Participant: 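One structure, as structure tokens, below. Some questions next.
Heavy-atom basis, side chains included; hydrogens, waters and symmetry copies ignored. Fair warning: this is a prediction, and the values are worked out from it, not measured in the lab.
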Amino acid sequence: MPSGLKVAVVGAGRVGQACAFALVLRASAGEVVLVDRVAERATAVATDMRYGAPLSAPVAISAGEWDDVAGADVVLITAGVNEKEGGATDRDDPRGRLKLLDPNAEVYRDIVPRVVAAAPDAVIVAVTDPPDPLADLARSLAGHDRVLSTGTVIDTLRFRTHIAAQLGVHPSAVEGLVVGEHGTSQVMLWSSVRVQGAPLADALHLCAVDQSLDELRAQVEREVRYANIAIIEGNDASQFGIGVVCARIAEAVLRDERVVLPVAAYREEHGVTIALPTVVGREGARGVLVPSMSDAERGDFERSVETLRDAVASFG
């Protein structure tokens with residue numbers, strides 16, 4: 001990675017720390033700067049990472065103030081109330097992460113103008129839950145379209161991982177996609193799941209899985225949709241997976257890779273930021289692909305769109 005490329009992480013809580021650590025370990029950028037409302041925390045985190053950094057490829061990791069965000073090519077915003085603090089850990093609450101929208105919208109109203117003032121050309125990535133409506137708010141506050149949310153990248157990885165675990169194969173062999181909201185209305189596209197090109201039903205038979213397709217589907221749906229809650233129940237925060245995802249998104253932007261990832265970008269025809277396979281490059285979203293869906297999946301996707309429209313409408 002060229003040394004001149006810079007990523008700023010705003011928020012040095014559990015998720016911000018995981019993002020910064022992944023950026024350092026993967027050498028995603030030449031420079032990583034951490035900004036937090038508690039300056040001492042950002043300094044401590046950056047110092048701790050700096051002691052291990054000599055064992056990785058060269059990356060300058062530091063803590064800073066808003067002026068130090070200047071020149072950032074990508075800004076990851078992770079600040080805000082997390083799921084445990086905000087009480088968004090009830091599997092029976094259909095709002096899910098959307099319960100955190102009001103308090104975290106206030107955080108974004110404070111942070112985004114500061115980011116734009118310091119780094120007007122940066123691609124902004126909303127990581128804070130709920131990321132999709134917060135990306136819509138960030139886009140409005142920033143006054144440009146270089147805004148993404150992490151979308152359903154982590155959900156897609158969870159989907160592939162849990163299917164692979166049931167089949168006893170490596171997740172890289174599973175082709176699967178989750179679209180829509182990063183939240184309870186997300187849509188798992190079972191109709192297009194393949195295992196190295198083979199339909200899932202065939203793979204289930206060949207792998208001698210003692211479970212019907214419907215049983216596997218129900219189990220995976222539960223595990224993926226509520227993966228964050230299961231992690232929080234054991235470790236207070238879901239952080240490491242999303243940390244690696246954020247590093248990967250940053251790399252795609254910094255390198256102008258034009259890789260296709262299910263991040264969320266603003267879709268004019270839907271009027272909201274929502275996750276679909278998106279070409280990610282130096283300007284953020286360079287194009288969006290619409291995957292094939294069954295009629296039922298299409299209906300579920302439209303309901304996910306409506307869920308996000310209702311959430312965004314609360315901004316007035």
Side-chain angles (χ1 to χ4, degrees), residues 1-9 15 18-32 56-57 59 72-78 121-127 131-132 135 138-139 144-161 163-164 170-182 186-189 192-197 224 240-267 273-293:
M1 181 65 64
S3 60
L5 298 178
K6 179 176 179 179
V7 177
V9 180
V15 171
C19 290
F21 201 38
L23 289 163
V24 170
L25 292 179
R26 292 171 63 92
S28 303
E31 182 180 358
V32 177
S56 297
V59 177
D73 302 283
V74 177
V75 179
L76 305 173
I77 304 180
T78 69
D121 298 324
V123 171
I124 297 172
V125 182
V127 185
D132 307 321
R139 177 175 173 270
H144 63 68
D145 290 329
R146 296 185 309 280
V147 179
L148 303 172
S149 105
T150 51
T152 53
V153 180
I154 187 65
D155 308 283
T156 293
L157 293 172
R158 290 168 176 168
F159 188 45
R160 292 169 52 195
T161 296
I163 292 173
H170 194 275
S172 64
V174 177
E175 303 156 25
L177 182 65
V178 180
V179 297
E181 178 204 4
H182 174 59
Q186 63 187 224
V187 184
M188 299 171 213
L189 300 185
S192 57
V193 170
R194 298 290 184 272
V195 182
Q196 285 297 89
V224 173
F240 299 113
I242 194 64
V244 177
V245 163
C246 288
R248 185 66 190 94
I249 293 170
E251 291 162 7
V253 173
L254 295 171
R255 298 168 180 166
D256 195 22
E257 288 186 18
R258 307 187 187 193
V259 66
V260 179
L261 296 169
V263 297
Y266 182 75
R267 294 281 289 170
T273 294
I274 193 162
L276 286 166
T278 302
V279 182
V280 181
R282 200 66 180 82
E283 297 300 313
R286 299 187 62 95
V288 177
L289 305 173
V290 179
S292 61
M293 303 183 200

Participant: Are any non-hydrogen side-chain atoms of V7 and L5 less than 4.5 angstrom apart?
Facilitator: no
Participant: Can any side-chain N or O of T156 pair as donor or acceptor with the backbone N or O of L177 at less than 3.5 Å?
Facilitator: no
Participant: Quick one: does V253's side chain get under 4.5 Å of R282's, heavy atoms only?
Facilitator: yes
Participant: Would you mind reporting whether F159 and V193 have side-chain heavy atoms less than 4.5 Å apart?
Facilitator: yes
Participant: Less than 4.5 Å apart, any side-chain heavy atom of L157 and any of V244?
Facilitator: no
Participant: Measure across V288 and R267 and return the closest heavy-atom pair with its distance rounded to 0.1 Å.
Facilitator: CB-NH1, 3.0 Å
Participant: Show, in sequence, the C-alpha distance, side-chain angles and deciding distance for V127 and I77, and conclude whether the side-chain contact (heavy atoms from CB on, under 4.5 Å) test is met.
Facilitator: CA-CA 6 Å; V127 185; I77 304 180; 5.9 Å; no
Participant: Please check if the number of heavy atoms outside F21 that lie under 6.0 Å from its CZ is greater than 12.
Facilitator: no
Participant: Please give me the minimum heavy-atom distance between A122 and A72, naming the atom from each residue.
Facilitator: CB-O, 3.3 Å
Participant: Are E257 and V280 side-chain neighbours, meaning at least one heavy-atom pair lies under 4.5 Å?
Facilitator: no
Participant: Atom SG in C246, atom CG in L23: separation rounded to 0.5 Å?
Facilitator: 8.0 Å
Participant: Examine distances only and state if a side-chain atom of R160 and a backbone atom of V174 form a donor-acceptor pair shorter than 3.5 Å.
Facilitator: yes
Participant: In Å and rounded to the nearest 0.5 Å, what is the CD to CD1 distance from E175 to I163?
Facilitator: 11.0 Å
Participant: On a heavy-atom basis, which atom in S56 and which in V24 lie closest, and how many Å separate them?
Facilitator: CB-O, 4.0 Å
Participant: A265 and L148: which non-hydrogen atoms are nearest, and at how many Å?
Facilitator: CB-CD2, 4.1 Å
Participant: Is there a side-chain contact (heavy atoms from CB on, under 4.5 Å) between R248 and V259? Walk through the geometry before answering.
Facilitator: CA-CA 10 Å; R248 185 66 190 94; V259 66; 4.1 Å; yes
Participant: Apply side-chain contact (heavy atoms from CB on, under 4.5 Å) to residues D256 and R286 and explain how you reach the verdict.
Facilitator: CA-CA 10 Å; D256 195 22; R286 299 187 62 95; 4.0 Å; yes
Participant: Under 3.5 Å, is there a donor-acceptor pair between the side chain of T278 and the main chain of A285?
Facilitator: no
Participant: Measure across Q186 and V178 and return the closest heavy-atom pair with its distance rounded to 0.1 Å.
Facilitator: CB-CG1, 3.9 Å
Participant: Should V123 and E283 count as side-chain neighbours, where that means a heavy-atom distance under 4.5 Å?
Facilitator: no
Participant: Is a side-chain donor or acceptor of D132 paired with a backbone partner of S149 at a separation under 3.5 angstrom?
Facilitator: no
Participant: Which heavy atom of A29 sits nearest a heavy atom of L254, and at what distance?
Facilitator: CB-CD1, 3.8 Å
Participant: Below 4.5 Å, heavy atoms only, C-beta onward: do P291 and L276 meet side chain to side chain?
Facilitator: yes
Participant: Could you tell me whether the side chain of H182 reaches within less than 4.5 Å of the side chain of I154, counting heavy atoms only?
Facilitator: yes
Participant: Could you go through T78 and C19, starting from their C-alpha distance and side-chain angles, then the distance that decides it, and tell me whether this counts as side-chain contact (heavy atoms from CB on, under 4.5 Å)?
Facilitator: CA-CA 9 Å; T78 69; C19 290; 4.1 Å; yes
